[in-house]
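In the text below, chain A, chain B and the rest are named by the order of the sequence lines, each starting its count at 1.
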Protein chains: 2
Amino acid sequence: MTSSKIDLNKILRSAKLKATKPRLDVLSIINKAEAAVSHSEIQAKLESFDRVTLYRTLNTLIEKGIIHKAHVESTEVFYAMCTTSCTEEGHKHEHIHFVCDKCEEVTCIDSEPISIKLPNHIISEVRVQATGICDKCFV
Amino acid sequence: MTSSKIDLNKILRSAKLKATKPRLDVLSIINKAEAAVSHSEIQAKLESFDRVTLYRTLNTLIEKGIIHKAHVESTEVFYAMCTTSCTEEGHKHEHIHFVCDKCEEVTCIDSEPISIKLPNHIISEVRVQATGICDKCFV
DNA sequence: GTTTTATTGCAACATTGTTGCGGTATTTGT
DNA sequence: ACAAATACCGCAACAATGTTGCAATAAAAC
C-alpha cells in the first residue's frame, strides 16, 4: 500500500475502470520503469495472470489514454505511461521514441513539436523514432 | 519480358542474388505499386508460392538494400523500393512514411532531412511517420 | 449483504514468423 | 549446350503472437 498504489487506483477510477489486481500490477510495472517496457517483460513479471488478460488489460489502458504503445521498428511492442494530455478521445504525444542500439532501451524523450508540412495533405499526427546511443551508454 | 523486368533482373544480379521467379514477382509487385505494399497484399498476389518463401525473399531483399520496411503503427508491415543510397551495408532513408486515415495507403514522401539534437545522445537514424489525409483523398 | 455489472480465466482458434532438410532451379565453367 | 556446383524453394513441423466466446468470479453500487 505505497503512495504510488493510491495514485494508480485514482487513475483507474477516473477512467471508470475497476481497480483490479491485473490492472494495478500492469500499471505499476509500467509506471515504475524509467524506460518503456516490452510486452514480454511485462508478461514475465506477471506469470500468475492469463496471457489473454494481459492483452486485454493493455488494450483497455491504451483506449482510456493511460498508457501508450512505443511501436518501434521491431517485432516487440513497448509500453509507457501517457502524460495528462491523453484521454479516451485520443492520444497526443509530442515526444520522440529513442531506441538505444547498445542497451536496447526505449525511452520517451520530450521535444519541441515537430512540424511537417506537405502540400495537399492534412497532417494530424507525427511520430518520430530516433536510433543511436542513449545518454546512459554515452561515455 | 517488359523493360521493367530487365531492370529487376539487373537489380538482383548486382546484389549477387539469383534472379528467380519468386524474387522477380515480389520485386515487380513492390516496384509497380505507387504506395508501399502490405505483406498480406503481396501474399495474396502470389498464392502459388510458399509462405516461407515470401518471408525469406522479403528479408533477403531488405538485407541487400533493395527494398525497405515501412513499419507503421499497425500489425501489418509494408514494403517499398529503396533509393540508390541503400546498400547491403545499411539503409539510409530520408523520407517520411505517410499513412492516410481514409484510404489507408502508406506512401514514402521525400522531405528535408529532419535533424534532431538530444544532449548526450548519438543519433544515427531518425524515422518519421505522419498520419492524416493524403493528397488523393484531399478534396 | 445482496444485486448488478465489469472483468478474468480458460479453451480453442487464427495469424504471423522461424528452422531444417531434401529436392529443384539457376549459374558458372567448359 | 551441357554438366557440375551452389543457391534457392517447398514442405513439414514448430514457436510465438494475438483474438474470440463463454462461464466463473470479483468489484462496485445499492
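If you measure from atom CG of B/Asp50 to atom P of C/dT19, you get 15 Å, rounded to the nearest angstrom. In this entry the distance linking CD1 of B/Ile42 with C1' of C/dT16 reads 14 Å, nearest Å. In this entry the distance linking NE2 of B/His39 with P of C/dT16 reads 8 Å, nearest Å. The interatomic distance linking A/His71 (NE2) with D/dT17 (P) rounds to 13 Å, in whole Å. In this structure, the OH atom of B/Tyr55 is 17 Å from the P atom of D/dC11, given to the nearest Å. When the P atom of D/dC11 is taken as reference, atom CZ of B/Phe49 falls 12 Å away, rounded to whole Å. In this structure, A/Leu54 atom CG and C/dT7 atom C1' are separated by 14 Å, rounded to whole Å. One atom, CD of A/Gln43, and another, C1' of D/dT17, lie 9 Å apart when rounded to the nearest Å.
Residue-to-nucleotide contacts include no donor-acceptor pair under 3.5 Å from the side chain of B/Arg56 to the base of C/dG17.
Between A/Ser40 and B/Ser48, the residue anchored nearer the 5' end of DNA chain D, judged by the nucleotide with its closest heavy atom, is B/Ser48. Residues B/Val77 and A/Val52 both approach DNA chain C. Their nearest nucleotides, taken by heavy-atom distance, put A/Val52 toward the 5′ side. Where B/Glu76 and B/Arg13 each meet DNA chain C at their nearest nucleotide, the meeting point lying more 5' is that of B/Glu76.
Open room surrounds CD on A/Glu104; 12 or fewer heavy atoms of other groups in view lie less than 6.0 Å from it.
Across all strands shown, B/Arg51 has heavy atoms under 4.0 Å from base atoms, whether or not it also approaches the sugar-phosphate. B/Arg23 comes within contact range of the sugar-phosphate backbone alone, with a heavy-atom separation under 4.0 Å but no base atom that close.
Using modelled atom types, no side-chain atom of B/Asn31 and backbone atom of B/Leu27 make a donor-acceptor pair closer than 3.5 Å. Put simply, the side chain of B/Thr107 never gets that close to the backbone of B/Ile109: no donor and acceptor are under 3.5 Å apart.
Checking C/dT8, C/dT26, C/dA6 against the side-chain heavy atoms of A/Pro22 singles out C/dT8 as nearest.
Between A/Tyr79 and A/His39, the ring planes lie tilted relative to each other; the angle falls in the 30° to 60° range.
Remark: A/Thr20 is in phosphate contact with C/dT8, judged by side-chain N or O atoms under 4.0 Å from OP1 or OP2.
For the residue pair A/Ser40 / A/Glu76, a side-chain donor-acceptor distance below 3.5 Å is found, with atom types taken as modelled.
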